[in-house]
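Below is one structure, written out as structure tokens; comments come after it.
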Number of protein chains: 2
Amino acid sequence: MGLTKTEFFTESQNKTAMLLKALGHPARVAIVEHLLKVKTCVCGDIVNELPLAQPTVSQHLKELKIAGIIKGSVEGTSVCYCLDEKAFESLSAYFTNVLTDLQNQNSTCC
Amino acid sequence: MGLTKTEFFTESQNKTAMLLKALGHPARVAIVEHLLKVKTCVCGDIVNELPLAQPTVSQHLKELKIAGIIKGSVEGTSVCYCLDEKAFESLSAYFTNVLTDLQNQNSTCC
DNA sequence: ATCGTTAATCGTAATATTGCAATCAAACGA
DNA sequence: TCGTTTGATTGCAATATTACGATTAACGAT
């Protein structure tokens, strides 16, 4: 059906999945890595950095913004983007916890 | 077109996106969290833990396996699943690095 | 006012994903 | 052998995603 049954999962699981899904595309990973590399907010040059047409990039930026991964503020005629630290704090903590739990479980089966 | 232009991104970006995409669904997050919770390899009871039909679960497990997030080994008539530590080491390191870089960049714009 | 620039939105085509009923295949036990 | 159990595969319908041309909206400069 193409429709995810979100109502059967926990709030937390849905939120985690939403963040990860937003990052689950190479163009959006590239956007994040670019925002990280330039070390400051970027006003406008994101389209030039990606091998995709402007409407496509705009759409990816929108998805990242909806998921809470980037913030964007209008700056005259262009728009200023940067990463939202909260999202990465949350993801970093999530995977650190998973890894810790995993290392503590000492299973020998697989 | 529905077709991701992977050829224009780096190997690393594609690999990261693939891992994150595989985790970008609440059912697959739930599978991971279940495998973590039971503290050992799980042979078979995953279908009963999820509010989804057996073929659907089987498909999600397949995607997680292809992405390298879980391992599965046949154990007689049932199949034994567990998490692949390497994937979580990689993801944990990735987000820790992003967060560190982000905290060092001290941007005041947004 | 008009033009150029920047970025969002609309519309659409191609493809992917999600979910499940039905079916199949392999392994086990009686 | 035959039935049962377990899990994968097939086939399909509904919906989502990806990508982009065309258009639009907002701003600044001339």
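All values below come from the heavy atoms of this structure, side chains included, with hydrogens, waters and symmetry mates left out. These numbers were taken from a predicted model, which means no experiment stands behind them.
Using a 4.5 Å cut-off on side-chain heavy atoms (C-beta onward), B:E75 and B:V79 make no contact. A 4.5 Å side-chain heavy-atom check between B:L64 and B:L23 finds at least one atom pair inside the cut-off.
Between A:T77 and the phosphate of D:dG28, there is no side-chain N or O to OP1/OP2 separation shorter than 4.0 Å. Contact check, B:H25 against C:dA16: no side-chain N or O comes under 4.0 Å of OP1 or OP2. The shortest distance between the side-chain N/O atoms of A:Y81 and the OP1/OP2 oxygens of C:dT6 is not below 4.0 Å. Distances shown here put a side-chain N or O of B:T56 below 4.0 Å from the OP1 or OP2 atom of C:dC20. Between A:H60 and D:dA19 there is a side-chain polar atom (N or O) within less than 4.0 angstrom of OP1 or OP2.
Comparing A:K21 and A:A53, the nucleotide of DNA chain D nearest to each residue sits closer to the 5' end for A:K21. Heavy-atom distances to DNA chain D give each of A:Q59 and A:Q54 a nearest nucleotide, and the one nearer the 5′ end belongs to A:Q59. Between B:T4 and A:T6, the residue anchored closer to the 5' end of DNA chain C is B:T4, taking for each the nucleotide with the nearest heavy atom.
Rounding to the nearest 0.5 angstrom, the gap separating the CD atom in B:Q13 from the NE2 atom in A:H25 is 11.5 Å. Atom-to-atom distance recorded for A:L91:CG and A:I69:CD1 is 7.0 Å, nearest 0.5 angstrom.
Residue B:G68 comes nearest to B:D84 through the heavy atom pair O-CB, 3.4 Å, listed as atom of the first residue, atom of the second, then distance.
If you take CD of B:E63 and C1' of D:dA8, they are 14 Å apart, rounded to a whole angstrom. Here the C1' atom of nucleotide D:dT18 and the CD1 atom of A:I31 are 13 Å apart, to the nearest Å. For the pair A:M18 CE and D:dA16 C1', the interatomic distance rounds to 14 Å; values are reported in whole Å. If you take NZ of A:K62 and P of D:dT17, they are 12 Å apart, rounded to a whole angstrom. Protein atom CD of B:E75 is 15 Å distant from nucleotide atom C1' of C:dA26, rounded to whole Å. Separating the CG atom of B:L52 from the C1' atom of C:dA21 is a distance of 15 Å, rounded to the nearest angstrom. Counting to the nearest Å, the P atom of D:dT5 and the CG atom of B:D45 are 17 Å from each other. C:dA16 atom C1' lies 15 Å from atom CG of A:L3, rounded to whole Å.
Looking at heavy-atom distances under 4.0 Å, B:L61 makes no contact with the nucleic acid at all. Residue A:S78 is in sugar-phosphate contact alone, with no base atom involved, counting any heavy-atom pair closer than 4.0 Å across all strands shown.
Among D:dT9, C:dT18, C:dA7, the nucleotide with an atom closest to any side-chain atom of B:R28 is C:dT18.
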